[in-house]
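In what follows, a single structure is set out as structure tokens and then discussed.
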Amino acid sequence: MTDDNPKDKYQVQTESGVRQDQPSGPPQLDSSGNSQNEEQQQKSNQQQEHEENQHDELLRKRKPIVGWLLLACVVLLASIVVLLAVGRAVENPRTDDAEVLANFIGMAPQVDGPIMQLPIRDNQYVKAGDLLFVVDERPYRYALERALSQRDALEGQIEDRQRSINSQISGVHVAQANIASNTSNRDALNATISEAEANLADSRAALLRAEADRKYAADNLHRLEPLLDQQFVTVDQVEQARTLLETRTRAVEQAAAQVTLSEAHVRTTRSHYQQSGAEVEQSEAQREQAANGVETLSPLTNQREERAAAIRIAQYNLNNCRVYAPFDGYITNLTTSVGEYVHTGTQVFTMIDSRVWWVVANFRETQLNHVTLGSAADLFLMSHENLPLRGVVESIGHGVTPDPNVAGVLSPGLPAIERSLSWVHLAARYPVRIRIESPPSTLLRIGENAVAVVHPMPGSVR
């Protein structure tokens, strides 16, 4: 609307029309007709001006009402928009304080040596199992060969020791056989002793019989000799009696000699028996010595595990000379080349895991009531605003470092609380981890800014 007055426009038009109606040149002599026309014209102008004044008054009265109505409509519309925006923001928490993250590890060798092969380049995408770099394998291959040789040497020692043990065991068996033989001889001598003692008893009995017979012969001779003088017996009878006595005396002597021989035999047999007993004891001692002299394989067989462990370690080190990608991802911060001597545990470059990506969004504590585990989320990357991503809330932070201006300094002893007056309390922010579903790994980068909008599940508001 304009503030120009229609009355002024009308007056300008009227004056211009009057000037146009008036003839140029000298006035006419007939002035009565002109004056009458002018009066009529003035009346019509006055009437028209009066109508315009009434119209202007009506417009002046209507103009504030329309303006206030328009202002009220604008305020109402803005309020509705603000309420809708606030309600949507409360029901669907939103934050632009978010970053894209992914797991990443530092790739470091597990053996020392110069890099012989480096078939990768910085920021290259690699698949799991791809060769990343190769450390010089020669010293570790030699170590493996030495470990294998030591194992073979140990097996040769075990075989030689086994043969020696078998020979020593054979000696034990021989000693055992000698014990059995000597024991058998001792038993035989024991039987011989019994037999000799029996023979000795028989000889002694025979000696007694012979002595009895000699006494009878002597008594008979002594009885006959007095009868010879009286001629009651003949000389032949006396001679026979004397001969019989001599025979019986020889028999006694022979029986006594047999007894002596039997006793000597018994003594000899007993001596042999004692000797055989000593031989048995000696054989048993030899067997014990041979048994104790038998070597064992334990000192050598116990080294087998040590040799096997040395082989496994050497094989492990040799395998670690070739480093492969543990997962699909990107190579970054590669600042080395072939020939550099690397050390165990020293990082060579970084590898980003492209399998799982997530966004860490920092929501205000007042928004966490509408953020629950499993809630869907829309993610917008600053580099690709027109490409929304879908995500799922995976975890919600339960703690951040307390503000020392509020909680004071937490230390042993008494807490140090600063005395301050704060009229405005800022809401704390807690990290919410949102996993990206079906992430386009070629578009994602760690540290990329993002906007996160969470859509809570129905009934999940805490």
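Quick caveat, the model's predicted, so the values are computed rather than measured. Quick note: residue numbers are just sequence positions, from 1.
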Side-chain (Thr346) to main-chain (Val342) donor-acceptor, under 3.5 angstrom: no
Check: Val454 and Ile434 side chains under 4.5 Å, non-hydrogen atoms: yes
Side-chain donor/acceptor of Ser164 to backbone N/O of Arg161, under 3.5 Å: no
Side chain proximity check, Thr95 to Arg429, heavy atoms < 4.5 angstrom: yes
Euclidean distance, Leu300 CG relative to Ile158 CD1, rounded to 0.5 Å: 5.5 Å
Asp328 (side chain) donor-acceptor with Ala128 (main chain) under 3.5 angstrom: yes
Donor-acceptor contact below 3.5 Å, side chain Thr301 vs main chain Leu297: yes
Residue pair Thr372, Ser375: steps toward the side-chain hydrogen bond (donor to acceptor under 3.5 Å, both in side chains) verdict: CA-CA 6 Å; Thr372 57; Ser375 298; 2.6 Å; yes
Candidate pair Asn199 and His265, rule side-chain hydrogen bond (donor to acceptor under 3.5 Å, both in side chains), full reasoning: CA-CA 9 Å; Asn199 292 332; His265 183 63; 5.5 Å; no
Between Tyr140 and Gln315: side-chain donor-acceptor atoms closer than 3.5 Å: no
Electrostatic pair Arg445:Glu99 at N-O distance under 4.0 angstrom: no
Gln150 side chain vs Ala147 backbone, donor-acceptor pair below 3.5 Å: no
Lys/Arg-Asp/Glu bridge criterion (N-O < 4.0 Å) met for Glu155, Arg307: no
Side-chain donor/acceptor of Ser271 to backbone N/O of Arg267, under 3.5 Å: no
Lys/Arg N to Asp/Glu carboxylate O, Glu394 vs Arg433, below 4.0 Å: yes
Point-to-point distance, once rounded to the nearest 0.5 Å, from CD of Gln275 to CD of Gln282: 10.0 Å
Note, His370 side chain near Asn92 side chain (heavy atom, < 4.5 Å): no
Asp112 side-chain N/O to Thr344 backbone N/O, donor-acceptor pair under 3.5 Å: yes
Ion pair Asp160/Arg163, N-O distance below 4.0 Å: yes
Met116 vs Asp136, side chain to side chain contact (heavy atoms under 4.5 Å, CB included): CA-CA, chis, key distance, verdict: CA-CA 6 Å; Met116 305 300 293; Asp136 190 3; 3.8 Å; yes
Under 3.5 Å donor-acceptor, Gln303 side chain and Pro299 backbone: yes
Between Asn182 and Ser276, a side-chain donor and acceptor under 3.5 Å: no
Under 3.5 Å donor-acceptor, Asp122 side chain and Asn333 backbone: yes
Working for side chain to side chain contact (heavy atoms under 4.5 Å, CB included), residues Leu389 and Leu443: CA-CA 11 Å; Leu389 302 177; Leu443 302 178; over 6 Å; no
Value rounded to 0.5 Å, distance of CD in Glu295 from OG in Ser167: 10.0 Å
N/O donor-acceptor pair under 3.5 Å between Asp130 side chain and Val126 backbone: no
Verdict with reasoning, Arg270 to Glu197, per salt bridge (charged side-chain N to carboxylate O under 4.0 Å, His left out): CA-CA 10 Å; Arg270 286 178 178 176; Glu197 289 178 348; 2.2 Å; yes
Exercise: do Glu288 and Asn292 side chains pair donor with acceptor under 3.5 Å: no
Spacing of Trp358 atom CH2 and Ile436 atom CD1 [to the nearest 0.5 Å]: 10.0 Å
Euclidean distance, Asp353 CG relative to Tyr330 OH, rounded to 0.5 Å: 11.5 Å
Student check: side-chain heavy atoms of Val371 and Ile396 closer than 4.5 Å: yes
Glu263 side chain reached by Leu200 side chain, heavy atoms, under 4.5 Å: yes
Stepwise side chain to side chain contact (heavy atoms under 4.5 Å, CB included) test for Val359 and Leu101: CA-CA 6 Å; Val359 169; Leu101 294 176; over 6 Å; no
Carboxylate-amine/guanidinium proximity below 4.0 Å for Glu281 and Arg186: no
Derivation and outcome, side chain to side chain contact (heavy atoms under 4.5 Å, CB included), residues Arg322 and Leu131: CA-CA 7 Å; Arg322 292 180 172 268; Leu131 181 64; 3.8 Å; yes
